[in-house]
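Within every chain, numbering begins at 1; the chains are lettered A, B, ... in the order of the sequence lines, protein sequences first and strands thereafter.
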Amino acid sequence: MSYSPSDIESKWQTKWSEQQAFEPLDDKSLEKKYILSMFPFPSGRLHMGHVRNYSIGDAMARYYRKQNYNVLHPIGWDAFGMPAENAAIKHGRHPKDWTYSNIAYMRKELKTLGLSFSETREFATCDELYTKWEQEFIIKMFEEKLLYRESTTVNWCEECHTVLANEQVEEGCCWRCDNEVELKEMPGYYLDIKKYADELLDDLKLLEGKWPSQVLAMQSNWIGKSQGLEFSFKLSDSSKEKLENKFEGFEVFTTRPDTIYGVTYTALAPEHPIVKALMKYELLDAEVIEKITAISNMTEVERAKAGKEGFDLGITVIHPLTNEEIPVWMANFVLASYGGGAVMSVPTHDERDFEFATQYNLPLKYVIEGGEEGEAYTGEGKLINSDELNGIKNSEAKVAVIKLFEEKNLGKGTTNYKLRNWGISRQRYWGAPIPFVHCESCGLVPEKVENLPIALPEDVEITGEGNPLENHPTWSTCACPKCGSDAKRETDTLDTFVQSSWYQFRYATDPKKWNECGIDKDDVNYWLGVDQYIGGIEHAILHLLYARFFTKALRDLGFIEDLKEPFENLLTQGMVLMDGAKMSKSKGNTVDPDALIEKYGADTARLFTLFAAPPQKELEWNDSAVEGAFRFIKKLYDRKSKVTSNEMPSIDQSSLNKEEKIARAKIYEALKKSVDVYEKTFAFNTLIASCMEALNALDKQQNEQVWTEGLYIITHLLEPIIPHVCAELSEELFKSKNLTSGKIEILEEVFVQDSITLGVAVNGKRRAEIEVDAGASKEEIIAMAKESIAKWLEGKNVVKEILVPKKMVNLVVK
RNA sequence: GCGGAUGUGGUGAAAUUGGUAUACACGCCAGACUUAGGAUCUGGUGCUUCACGGCGUGGAGGUUCGAGUCCUCUCAUCCGCACCA
């Protein structure tokens, strides 16, 4: 019978499901592997990126399962989020209905790919049972002061009608809809991720060599730790008076204390309290006030685009070392959210300060040797014009100045981070409600744990106008959990990234306990860290940073034990491209996985995906290469007639002819390679190539035993990649023994060939090829080599003879 | 600007510790079988040259008997962050 993928694949998918073949075992004495592909958002249909992601993960899971590991390979649904609400607005469907029916459809799609997921551990993050435990964590975080509510300037996306975290703003635009983000002052809930800044940074070291260096670098940059000096400028007496003695001065942070003597002005952010006070008391021209207000309303990106702008504030401060009087400016490039919103400006040794000073004719004072007049010198050098510090290297001066300030009690060495706290409030319906209550007398009160989950009301009108929870007639009305009086329920919902920050622990928790607890410590102790995590690079900061933070926080809150990092190893898969561009509906360059499976079968889809490029690289779609993958499977299937025994034969190597020996060697080379591929490099493309070579070599000989051994090993090796056809062949030919009896031993004897082909090079340049007996001595080989390149030796002397065993001969002549 | 990567045939890509560059596949060319082929099979296929040969892993040097691989410099492309003081 010829190869019919649809029959074979549905047969095995049914069988696996009936046998619950992919459920992890309870026995914690077994060696485990936790293989996790990032869970999908239930958008409605799978795309090729999913196929790639899950094909990679499945190959690993199946490999380890075959090596008798206890394997956890779960799947679920990252199910809250905006698109569900957008669908509701557009098509009038309830988000819940839309989400769960998408899940049902995509679950079927996943099944047709033959992925070896656990079926009992599947969940959607919008399941109320999941929300329940998440709300418990949130309350605990509030109690432990890790979560707080605050009114502050936030990133607001008008299109999505919600606040965004800093991580969700890309070049000033919303990560989801690309709408320009506005600034808005409003209350919201924050997680104190900065508390973990140092640990998040330091523990990146534990991941070196296990996570892509790019991701580590991105996280490190995002945390943005910098060390320097913090000190305050005192206002001059006249300025103090001007400000009605409301301010003594202001704090600044600098990473360049070595340039302290070069300060010629200071600059404040437009949001700085002193600037606000000056405006309030109308101590600035009306025109200036207007302009500063305009800048305040601009986003950081708009300010950057606008170029530098500033105004002399008409006040002065005293230099802490020289006691000189220094002007204070407002500058649009000073960030309110970093370093106290104020800077000391050293135009001679800082590009930005230089640009600003030139623009407004502010004085320059060089304090490091080495630069040229008329530019900012940011290099190294000795100090000048710096009193007692003159002559020392600026790198040493950094430390010296901090010490000096500390001794004189003027300031202190300190650390700053770019990382900002994680704003988790979203003004949307389709999310997990934030479980707090606003009470007139008690203030902000967490819901009682026994009342969880605080579930979403289903009878809502979703129009895109305002927050449906706020508009609901009764939902937000409640009793205060503390005093019992009338109160109002919080209508903000949690950022969806909260759900994906702990799902790895939920999977690890035995589903039999899902009603009793959110996370089971023992189960997590056994299964975590995730041995291999696989997903797209687009999550390098967002999800991966949040999940790392949550792991540390949940540990400190006692929900899990002593776990530093959730994801032990990370593989970031490349994008799937077509015509050099990312596949997307709007570009119309997509391939529908369903159609692909319909035409060629899941095995072909999986084989192509893993063969066309290594998983870390981009994958360019190629229809005819898909045909090629299909042809290979067909060929493999056709060769089943060559097998004559259902046992692994024991072959007498010495009785084989040359072609038979080559075929055997190719087979065992592939077997040898497979360990590295499956456990280390994930270069599935090279393993598949080796199997193809082995099959090509088998085709060049007729020995039934070699054929039997060959197919026994090839189907064993390829089962993680093309599981259906291999399961079918294995069952029919070998009673499935090659898939169930663990490792196959590598026989070194097969690598010994009768004769070896060696390259012959003269002065490193390849000139000829010789075939030598396997047992030939060095002398014999050199003699043959010389003969083969006789014409190159005419009139020359061989000064050196190099033999690289089994590879080549190099003769150095003069 | 800072950080991270990547440059190998017509294409996707291979290449243990430095050891025959281009495995495997796609495409292309030729042939076979066919009424036909966008099916299947066989063979060929880095560039250049009539040929001997020469040249070939972005470029330039270096180390070495020998470099895609190691070192120095340089160019190009991609990705991330970006006025973080």
Side-chain angles (χ1 to χ4, degrees), chain A residues 170-171 212-222 224-226 228-229 252-256 259 266-267 300-301 303-308 331-335 337-346 349-353 355-356 378 416-420 537-538 540-541 574-575 577 607-608 611-614 616-629 631-632 634-635 672-673 676 683 685-696 757-770 791 798-813:
Chain A
E170 294 167 351
E171 290 179 18
S213 57
Q214 189 189 179
V215 176
L216 296 176
M218 282 164 78
Q219 292 224 347
S220 169
N221 287 344
W222 190 263
K225 181 176 183 168
S226 54
L229 171 70
V252 295
F253 172 74
T254 178
T255 54
R256 296 296 306 275
T259 64
T266 64
E300 283 179 18
V301 176
R303 293 181 207 188
K305 276 191 200 143
K308 296 208 171 17
N332 67 340
F333 64 90
V334 178
L335 303 175
S337 50
Y338 184 82
V343 296
M344 66 174 217
S345 300
V346 185
H349 303 289
D350 181 287
E351 305 276 3
R352 295 154 303 178
D353 296 345
E355 194 189 328
F356 192 83
T378 54
N416 251 310
Y417 302 89
K418 288 190 207 174
L419 182 70
R420 296 174 203 174
I537 185 80
E538 64 272 20
I541 296 177
M575 283 191 299
L577 307 180
L607 182 65
F608 168 74
F611 180 56
Q616 299 88 341
K617 276 191 97 165
E618 290 180 335
L619 170 67
E620 176 71 33
W621 193 262
N622 181 335
D623 282 324
S624 44
V626 175
E627 294 268 1
R631 262 199 305 272
F632 171 74
K634 215 158 49 169
K635 180 169 156 188
K672 210 171 194 176
K673 173 165 236 152
D676 242 28
N685 53 331
T686 64
L687 175 63
I688 294 164
S690 292
C691 289
M692 287 173 169
E693 274 188 76
L695 193 62
N696 290 344
T757 307
L758 297 177
V760 182
V762 180
N763 291 342
K765 191 97 197 143
R766 186 175 179 274
R767 296 298 181 188
E769 196 170 79
I770 52 171
K791 59 184 273 203
V798 176
V799 294
K800 200 166 182 183
E801 298 157 349
I802 295 146
L803 171 65
V804 184
K806 293 179 190 171
K807 300 269 184 189
M808 63 174 301
V809 178
N810 187 20
L811 300 171
V812 183
V813 304

* Nearest-nucleotide 5' precedence on RNA chain B, Trp222(A) against Ala217(A) -> Ala217(A)

* Asked: For Lys617(A) and Gly628(A), take the nucleotide of RNA chain B holding the closest heavy atom to each; which residue's nucleotide lies nearer the 5' end?
  -> Lys617(A)

May I ask which nucleotide in the shown strands pairs with [N], Watson-Crick or G-U wobble, both distances under 3.5 Å?
N: C81(B); answer: G1(B)
N: G10(B); answer: C26(B)
N: A32(B); answer: U40(B)
N: A51(B); answer: none
N: C70(B); answer: G62(B)
N: U20(B); answer: none

[atom1] of [X] to [atom2] of [Y]: how many Å apart, nearest 0.5 Å?
X: Ile541(A); Y: Met218(A); atom1: CD1; atom2: CE; result: 4.5 Å
X: Leu687(A); Y: Phe611(A); atom1: CG; atom2: CZ; result: 11.0 Å
X: Asn622(A); Y: Leu577(A); atom1: CG; atom2: CG; result: 12.5 Å

Starting at atom [atom1] of [X], determine the distance to atom [atom2] of [N], rounded to an integer number of angstrom.
X: Asn763(A); N: G19(B); atom1: CG; atom2: C1'; result: 15 Å
X: Glu355(A); N: A85(B); atom1: CD; atom2: C1'; result: 14 Å
X: Ile537(A); N: G80(B); atom1: CD1; atom2: C1'; result: 8 Å
X: Glu618(A); N: U11(B); atom1: CD; atom2: C1'; result: 15 Å
X: Glu620(A); N: U11(B); atom1: CD; atom2: P; result: 12 Å
X: Glu627(A); N: G27(B); atom1: CD; atom2: C1'; result: 13 Å
X: Gln616(A); N: G12(B); atom1: CD; atom2: P; result: 17 Å
X: Leu811(A); N: G66(B); atom1: CG; atom2: C1'; result: 12 Å

Nearest-Å distance once atom [atom1] is located in both [N] and [M]:
N: U57(B); M: G43(B); atom1: P; answer: 31 Å
N: G61(B); M: U69(B); atom1: P; answer: 14 Å
N: A76(B); M: G68(B); atom1: P; answer: 24 Å
N: C79(B); M: C28(B); atom1: C1'; answer: 34 Å
N: A67(B); M: C78(B); atom1: C1'; answer: 27 Å
N: U6(B); M: G10(B); atom1: P; answer: 23 Å
N: C29(B); M: G19(B); atom1: P; answer: 37 Å
N: G7(B); M: U22(B); atom1: C1'; answer: 16 Å

* Since syn is defined as within 90° of 0, does G37(B) count as syn or as anti? ->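 Nucleotide G37(B) adopts anti.
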
* Under the 3.5 angstrom rule, does the side chain of Asp350(A) hit a backbone N or O of Ser345(A) as a donor-acceptor pair? ->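 No, the answer is negative, given that no donor and acceptor are paired below the 3.5 Å cut-off.
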
Between N or O atoms, less than 3.5 Å apart, protein on one side and nucleotides 42-44 of chain B on the other: list the pairs.
none

Of all the choices, [options], which nucleotide is nearest to the side chain of [X] once you look at every atom?
X: Ser624(A); options: C55(B), G27(B), A85(B); value: G27(B)
X: Ala613(A); options: C65(B), G12(B), C26(B); value: G12(B)
X: Val804(A); options: C65(B), G19(B), A85(B); value: G19(B)

Would you name the heavy atoms of [X] and [Y] that are closest together and state the gap between them?
X: Lys418(A); Y: Trp222(A); result: CB-O, 3.8 Å
X: Asp353(A); Y: Met344(A); result: OD2-O, 3.9 Å
X: Arg256(A); Y: His349(A); result: NH1-O, 3.9 Å
X: Asn763(A); Y: Asn810(A); result: N-OD1, 3.5 Å
X: Ala625(A); Y: Phe608(A); result: CB-CE1, 3.6 Å
X: Asn685(A); Y: Pro614(A); result: ND2-CD, 3.5 Å

Measure all distances between protein nitrogen or oxygen atoms and nitrogen or oxygen atoms of nucleotides 20-24 of chain B, and list the pairs falling under 3.5 Å.
from	atom 1	to	atom 2	distance (Å)
U20(B)	O2	Arg766(A)	NE	2.7
U20(B)	O2	Arg766(A)	NH2	2.8
U20(B)	O4	Thr757(A)	O	2.9
A23(B)	O2'	Glu693(A)	OE1	3.2
A23(B)	O2'	Glu693(A)	OE2	2.9

* Per the atom types in the model, does the base of C83(B) pair as donor or acceptor with the side chain of Lys308(A) at under 3.5 Å? -> yes

* Under-3.5 Å donor-acceptor pair between Asn810(A) side chain and C65(B) base ->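 Answer yes: a donor N or O sits under 3.5 Å from an acceptor.
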
* Geometric cation-pi criterion, Lys308(A) with Phe356(A): 6.0 Å, 45° ->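 Cation-pi check for Lys308(A) and Phe356(A): fails.
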
* To do: Classify the nucleic acid contact of Pro614(A) as base, sugar-phosphate or nothing, counting any heavy atom under 4.0 Å across all strands shown.
  => sugar-phosphate

* To do: Give one of base, sugar-phosphate or nothing for Ala304(A), where a contact means two heavy atoms less than 4.0 Å apart.
  =>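 The residue Ala304(A) makes base contact.
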
Kindly list each side-chain donor-acceptor pair under 3.5 angstrom involving residues 799-809 of chain A, sequence neighbours excluded, with atom names and distances?
from	atom 1	to	atom 2	distance (Å)
Glu801(A)	OE2	Lys786(A)	NZ	2.8

* Asked: Are Arg767(A) and G54(B) close enough that a side-chain N or O sits under 4.0 Å from OP1 or OP2?
  -> yes

